[in-house]
Protein chains: 2
Amino acid sequence: MGSTLGRRLPVMADVAKEAGVSHQTVSRVLNDHPNVRSETRTRVLEAIDKLGYRRNLVARALVTRHSRTLGVVSFDTTLYGPASTVYGIEQAARAAGYFVSIVSLKSIDRAGVRDALDYLADQGVDGIVVVAPQRSAAQALADLPLGVPTVAVEGGEAGEVPVVCVDQFTGGRLATEHLLSLGHETVWHVRGPSDWLEAEGRVAGWRAALERAGREVPRPLAGDWSPRSGYEAGRSLASMKNVTAVFVANDQMALGVLRAFTEQGVRVPERVSVVGFDDIPESEFFSPPLTTIRQDFDAVGRHSIEVLVRLLEGGTEERERLVVPPTFVPRLSTARV
Amino acid sequence: MGSTLGRRLPVMADVAKEAGVSHQTVSRVLNDHPNVRSETRTRVLEAIDKLGYRRNLVARALVTRHSRTLGVVSFDTTLYGPASTVYGIEQAARAAGYFVSIVSLKSIDRAGVRDALDYLADQGVDGIVVVAPQRSAAQALADLPLGVPTVAVEGGEAGEVPVVCVDQFTGGRLATEHLLSLGHETVWHVRGPSDWLEAEGRVAGWRAALERAGREVPRPLAGDWSPRSGYEAGRSLASMKNVTAVFVANDQMALGVLRAFTEQGVRVPERVSVVGFDDIPESEFFSPPLTTIRQDFDAVGRHSIEVLVRLLEGGTEERERLVVPPTFVPRLSTARV
DNA sequence: CTCAGGGTTGTTAGCGTTAACAAAGAAGTG
DNA sequence: CACTTCTTTGTTAACGCTAACAACCCTGAG
C-alpha cells in the first residue's frame with residue numbers, strides 16, 4: 001500500500017515551515033525544553049498534528065548516542081521460567097520508555113553468549129539483561145569486557161555485573177524443612193542439571209536443612225528439568241521402600257515423578273510426599289495438587305530492569321545483588337507420615 | 001568501566017586512515033561491493049581488525065532507511081503457545097539477519113494493538129508480525145492503515161494482511177473423529193473463550209465432525225484456557241451420567257478436567273475419554289498421558305518470518321494465507337467404549 | 001597512437017535529528 | 001538611561017554512514 005504514493009513522511013523541517021519557526025524550535029518542543037513561549041509551543045504542536053509528523057528515532061539515536069533500546073539474552077524462552085522473566089522484563093522496560101530486543105539462545109556456551117552480546121552491542125542497545133541461569137553463561141559474562149551496562153538475572157556469584165535472582169538456597173531449605181516438619185525421617189531429592197546455578201542452590205538448601213536436622217543425606221537423583229527425566233527418577237524412587245518424601249527441583253519434573261508413582265501404585269501423599277519448585281500455573285491441578293515453592297519470575301524481571309535503568313540513568317556502579325525471596329505454597333501432595 | 005577512558009570507538013574514517021584509503025572504500029568492503037581490488041580489501045580488513053572497528057548500524061539505518069529490525073506484537077508471552085511462536089519467530093528472524101523487538105500485551109483491544117504498532121513503527125522496524133489470536137486483535141489489524149509490511153499469525157480471516165496459522169478446524173475435526181471412531185455415541189466439548197479465533201475454529205471442527213456422523217451436538221462448556229476453568233467444566237461433566245467422551249480445547253484445561261474427574265472418581269479412559277489440544281511438553285505425563293492434537297508453533301513462527309521477509313525483499317504483495325496442519329497424538333486418555 | 005569502456009578509488013552531499021553557539025528582544029538594576 | 005541578565009529563537013555544525021557522481025588508471029580495438 002502506498003508504494004506509488006510518492007509523498008514522503010514529514011520531517012522536522014516540514015513542521016517548522018508549517019509552524020513558521022525553525023526546526024530547532026520544533027525539536028525543543030518535542031524535548032520539553034523549558035524556554036519556549038507557550039504560544040509558539042501550541043503552534044508547533046498544531047503543525048505536528050496537522051502533518052501527522054512522527055519523530056525519527058533512528059536519527060535521534062545517531063546524534064544522542066542513545067537508542068532507548070535494551071537487549072535481552074535468554075536461554076530457551078519456551079520454558080515457563082525464562083518466558084515469565086522475559087515477560088516481566090519487557091513490561092518493565094516499556095513502562096520505563098525503553099524498547100526491548102531479544103535474543104533467545106538454543107544452547108548457552110561461552111561463544112553463544114559472546115555472540116549474542118556482540119550482536120546486541122552492534123545494534124546499539126543502551127543496556128543488556130542476560131538471563132544466565134547456567135554457570136557457563138554466568139562465567140562467559142564475567143569474562144566479557146563489554147562496553148554496555150549489563151545486569152545478570154539468576155547469574156549466581158559472578159562478580160562483575162549486578163545480579164538479580166531468587167534465593168534458591170532458601171527455597172530448597174523451605175521445601176525440605178516442610179517435609180521434615182511432617183515427620184519424615186529424611187528427604188530425597190531429584191535435582192536439576194549440574195551446570196545450572198539454580199539447581200546447585202536448591203541442592204545446597206536441601207542438604208543444609210537435612211544436615212541441620214541431623215538427618216541422613218541421600219544421594220540426589222539427576223534430572224534435566226524435563227518431565228521425562230522426572231518420570232525416570234520417579235520410577236527409581238518408586239522401587240525403593242524407604243522413600244517417604246521427595247523434593248523435586250522443579251514442577252515439570254515433579255509431574256513426571258507423580259506420573260511414575262501413579263503407574264507404580266505409589267500413592268501421593270499417603271505413602272510418599274512430594275514437593276516441587278516454581279509453581280507453574282498447572283501445578284495446582286496435578287493429581288494431587290502439588291505443594292511447591294513459588295518463584296516470582298515477574299518480579300525478577302521487573303527488578304532487573306530497575307537496576308539496569310538506574311545504572312543507565314544514575315550511572316552509579318553499585319555492584320548490586322538483589323535477591324527475591326521464594327514463597328512456600330502448601331497443597332495436597334504432602335502429608336504427615 | 002571505561003568511563004574515563006576517553007578513547008571513543010573507531011569509526012569508518014579511522015579505518016580509512018589506517019588502511020590509507022577513503023572511507024567510501026571501507027564502506028564498499030563492508031558491503032561486499034564487487035569493484036574493490038582484493039589487495040585493497042585485505043588491507044581494509046586488516047585495519048578493521050586492528051582497530052576493532054564495528055560498523056554503526058544506527059547511522060547505516062538512517063541513510064538506508066532500513067533498520068533490519070522486525071517487530072513482534074504478542075499477547076501474554078507467558079503462555080506456551082505464544083511463547084513457542086515468538087521463539088520460532090526470533091530464531092528465524094535472526095537467521096535471516098534481522099533483529100527482533102518485542103511488545104507483549106496484557107490485553108488485546110484495538111487501542112492496545114494500535115499503540116503497539118505505532119510504538120514499533122516509531123522505532124523504525126522494517127516489518128511486523130502480530131500474533132493475533134483474538135478476533136478483536138485481528139480486526140484491529142484489518143482496520144489499521146499501517147505503513148509497515150505486516151504479517152498476522154493466527155489472524156483468522158482478516159483480509160488485509162498475509163496470515164500464517166494452524167488449521168484449527170481440522171484439529172477439532174481430528175479430535176472428534178478419533179473419539180467417534182472409538183465407538184462413543186457423541187463427544188462433549190470444553191471450548192476456549194469466544195473472542196478467540198482458535199477457539200471458534202476448534203468448535204467448528206468438532207461440530208462438523210459430529211454433524212457429518214449424524215450425532216447429537218451437545219452444548220459446549222465455556223472455558224478461558226486456564227486449568228481452573230477446565231476443572232470447573234470437569235466438575236459439571238463428572239456429574240452427567242451420559243458423558244463418555246470430551247474434547248477439551250487446550251491441554252491446560254484438559255489437565256483441569258482430568259483433575260476434576262479424578263476427584264469425582266470418574267476414571268479416564270475407562271469411563272470417559274479425553275482429548276486435548278496443543279501438545280504442551282507436560283501433557284505426555286498427565287495422569288493418564290493425554291491424547292491430544294499437536295500444533296507446531298515453532299513452524300508457525302518460522303513461516304511467518306519467511307512470508308514477512310519475502311514481503312520485504314521481494315515486495316510482491318501476495319495476499320497469502322499459509323496454513324500449518326495439526327497432527328494427532330494418541331496417548332492413554334482415550335479408549336473404546 | 002588515440003579513444004572508448006570498464007574497473008577502481010575518491011569527493012561531495014545528504015539521511016533527520018540534537019548540540020553548541022549566536023543573536024535579538026524583554027526585563028531588571030544601579 | 002545605560003548595562004547586565006534572562007528568555008526566546010535561529011544558524012551552523014556535527015553524528016557515522018551510504019549514494020551519486022567524478023576522476024583516474026588500465027586495457028584493447030581501430
Side-chain angles (χ1 to χ4, degrees), chain A residues 7-45 47-48 51-69 97 99 121-126 147, chain B residues 6-48 51-69 97 99 121-126 147:
Chain A
R7 271 180 61 77
R8 69 174 168 68
L9 293 171
V11 298
M12 210 171 253
D14 300 322
V15 176
K17 188 185 288 180
E18 176 73 29
V21 297
S22 75
H23 64 127
Q24 183 57 246
T25 298
V26 177
S27 173
R28 279 191 268 258
V29 169
L30 285 163
N31 293 315
D32 286 323
H33 190 96
N35 294 342
V36 177
R37 213 155 33 116
S38 71
E39 186 202 307
T40 315
R41 181 184 306 277
T42 55
R43 202 140 39 87
V44 169
L45 290 175
I48 287 175
L51 300 180
Y53 167 75
R54 321 213 67 179
R55 149 162 72 179
N56 182 326
L57 293 184
V58 173
R60 179 187 163 91
L62 178 61
V63 56
T64 61
R65 306 159 120 47
H66 296 300
S67 60
R68 294 207 73 83
T69 299
F99 299 93
D122 270 0
Q123 197 196 5
V125 297
D126 293 345
Chain B
R7 272 180 60 76
R8 67 176 169 67
L9 292 172
V11 298
M12 208 171 253
D14 300 321
V15 176
K17 188 186 286 179
E18 175 72 29
V21 297
S22 75
H23 65 129
Q24 183 56 247
T25 298
V26 178
S27 173
R28 279 191 268 257
V29 168
L30 285 163
N31 294 316
D32 288 321
H33 191 96
N35 295 345
V36 178
R37 218 160 24 120
S38 71
E39 187 201 308
T40 314
R41 182 183 304 275
T42 55
R43 203 140 39 86
V44 168
L45 290 175
E46 278 164 14
I48 287 175
L51 299 180
Y53 168 75
R54 323 213 66 178
R55 150 163 70 181
N56 182 324
L57 293 184
V58 173
R60 179 187 162 90
L62 178 60
V63 56
T64 62
R65 298 152 163 312
H66 296 300
S67 60
R68 294 207 73 82
T69 299
F99 298 93
D122 270 359
Q123 198 196 3
V125 297
D126 293 344

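Chain A is the first sequence line, chain B the second, and so forth, proteins listed ahead of strands; every chain is numbered from 1. Below, each value reflects all heavy atoms present in this structure, side chains not excepted, and no hydrogens, waters or symmetry copies.
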Check residues 9-23 of chain A and write down every donor-acceptor pair under 3.5 Å in which the side-chain atom is one partner and the other belongs to a residue at least two apart or another chain.
| unit_1 | atom_1 | unit_2 | atom_2 | d |
| --- | --- | --- | --- | --- |
| A:Asp14 | OD2 | A:Arg8 | NH1 | 3.1 |
| A:Asp14 | OD2 | A:Val11 | N | 2.8 |
| A:Glu18 | OE2 | A:Lys50 | NZ | 2.8 |
| A:Ser22 | OG | A:Gln24 | N | 3.4 |
| A:Ser22 | OG | A:Thr25 | N | 3.4 |
| A:Ser22 | OG | A:Thr25 | OG1 | 3.4 |

* Asked: Quick one: OG on A:Ser27 to NE2 on A:His33, what's the gap to the nearest 0.5 Å?
  -> 9.5 Å
* To do: Measure the CZ-CG distance between A:Phe99 and A:Asp126 for me, rounded to the nearest 0.5 Å.
  => 11.0 Å
* **Interatomic distance, A:Leu57 atom CG to B:Ser67 atom OG [nearest 0.5 angstrom]** => 11.0 Å
* Scan residues 31-44 of chain A for pairs that pass salt bridge (Lys or Arg N to Asp or Glu O under 4.0 Å), counting only residues two or more places apart or in two chains. => A:Arg37-A:Glu39
* To do: Supply the atom-to-atom distance B:Ser38 OG to B:Leu45 CG, rounded to the nearest 0.5 angstrom.
  => 10.5 Å
* Residues touching DNA chain D, which here means a heavy atom under 4.0 Å, drawn from residues 18-33 of chain B -> B:His23, B:Gln24, B:Ser27, B:Asn31
* DNA chain C: 5'-most and 3'-most nucleotides touching chain A, 4.0 angstrom heavy-atom criterion -> C:dG16 to C:dA20
* Asked: Taking only Watson-Crick and G-U wobble pairs with both distances under 3.5 Å, what dot-bracket line describes DNA chain D, where [ ] shows pairs that cross earlier ones and | shows pairs with another strand?
  -> ||||||||||||||||||||||||||||||
* Residue pair B:Val44 / B:Leu30, side-chain heavy-atom distance below 4.5 Å -> no
* Sugar-phosphate, base or nothing in reach of A:Asn56, heavy atoms under 4.0 Å -> sugar-phosphate
* Taking atom types as modelled, find out whether B:Asn31 and B:Arg60 have a side-chain donor-acceptor pair closer than 3.5 angstrom. => yes
* Asked: So which one's nearest nucleotide on DNA chain C is more toward 5', B:Ala59 or B:Ser38?
  -> B:Ser38
* Spell out, as yes or no, whether a donor-acceptor pair under 3.5 Å connects the side chain of B:Arg28 to the backbone of B:Asn35. => no
* Asked: If we only count heavy atoms from C-beta on, is the A:Ile48 to A:Arg54 side-chain gap below 4.5 Å?
  -> no
* Structure fact -> Contacted region of DNA chain D by chain A, from 5' end to 3' end of the hits, cut-off under 4.0 Å to heavy atoms, spans D:dT8 to D:dG16
